[in-house]
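Structure first, commentary second.
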Amino acid sequence: MPVDLRETEQPNPSPASPARPDGVLGRLVLPDAPQAAGHARAFVRLVAAAWRAAHVTEAAELCVSELATNAHRHAAPAASAEQAEQVPFELVVLRRGDRLRCEVHDGDPRMPRPRDADALDEAGRGLFLLAATADEHGARATPHGKAVWFELVAWPEED
């Protein structure tokens, strides 16, 4: 599925281009719709390939898909159209030393909590999957809600 990058900050094209001082490799505004996960996966794939981190693409796609799906399913909807425009769902992909970090921002201040999923439940395992796949993960409060994030070791430390 191609990602329409017209409404995004273009990812830095390659490791030859220095990362921005804040480490941001790319940003993508995500729709509050089931398609958010597919857009997030495609964008992470694009950024990882551009930054020679394709070896972590599969894990990154799995984790970012969980974060985008959780934001769509569980984040409280904006109280107004104006608030929705001010606090969209957003994927931010960063480089933090040897790690690729992906953050999904939403306007809901409630922090994610793991659920006790029964064997036959079709949902409720996302945070456990994140914990099993990512090298680190967590959530932090932001001025407009929260950011849920994960990190994967993607580059040699001396890179």
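Note that the structure is predicted; figures quoted are calculated from it, not measured. Note that the numbering runs from 1 along the sequence shown for the chain.
Listed by chain and number, the residues in a side-chain contact (heavy atoms from CB on, under 4.5 Å) with T69 are A37, S65, R73 (sequence neighbours excluded). With sequence neighbours excluded, no residue forms a side-chain hydrogen bond (donor to acceptor under 3.5 Å, both in side chains) with H137. For R110, the salt bridge (charged side-chain N to carboxylate O under 4.0 Å, His left out) criterion is met by D108, not counting sequence neighbours. Applying the side-chain contact (heavy atoms from CB on, under 4.5 Å) criterion to A33, with sequence neighbours excluded, gives P31, Q35. Under the side-chain contact (heavy atoms from CB on, under 4.5 Å) criterion, A48 pairs with A53, T57, not counting sequence neighbours.
Closest approach of L28 and H39 over heavy atoms only: CD2-O, 3.6 Å. Of all heavy-atom pairs spanning T142 and A147, the tightest one is CG2-N, 3.8 Å. Of all non-hydrogen atoms in L129 and E66, the two that sit nearest each other are CD2-OE2, 3.6 Å. The nearest pair of heavy atoms linking A75 to F89 is CB-CE2, 3.8 Å. When all heavy atoms of A134 and L152 are compared, the pair lying nearest together is CA-CD2, 3.7 Å.
At a threshold of 4.5 Å between non-hydrogen side-chain atoms, the residues V44 and C102 count as touching. In this structure, D98 and P156 have side chains that are not in contact, with every pair of non-hydrogen atoms separated by 4.5 Å or more. When side chains are defined from C-beta on, V93 does not count as touching V24, because their heavy atoms never get closer than 4.5 Å. Here the side chains of V92 and W149 are not in contact, with every heavy-atom distance at 4.5 Å or above. A heavy-atom distance below 4.5 Å is found between the side chains of L25 and L100. Between P112 and H74 there is no side-chain heavy-atom pair separated by less than 4.5 Å.
Here the side chain of H105 pairs no donor or acceptor atom with the backbone of L91 at under 3.5 angstrom. The main-chain N or O of A54 is never found under 3.5 Å from a side-chain atom of R52 such that the two would form a donor-acceptor pair.
Tracing side-chain contacts under 4.5 Å through hydrophobic residues (I, L, V, M, F, W, Y), one never reaches V153 starting from W51; they form parts of separate clusters.
Residue pairs meeting the salt bridge (Lys or Arg N to Asp or Glu O under 4.0 Å) criterion with at least one partner in residues 131-156, sequence neighbours excluded, are R99-E151, R101-E151, E103-R140, D106-K146.
Among V104, D32, L67, the one residue that satisfies the side-chain contact (heavy atoms from CB on, under 4.5 Å) test with H72 is D32.
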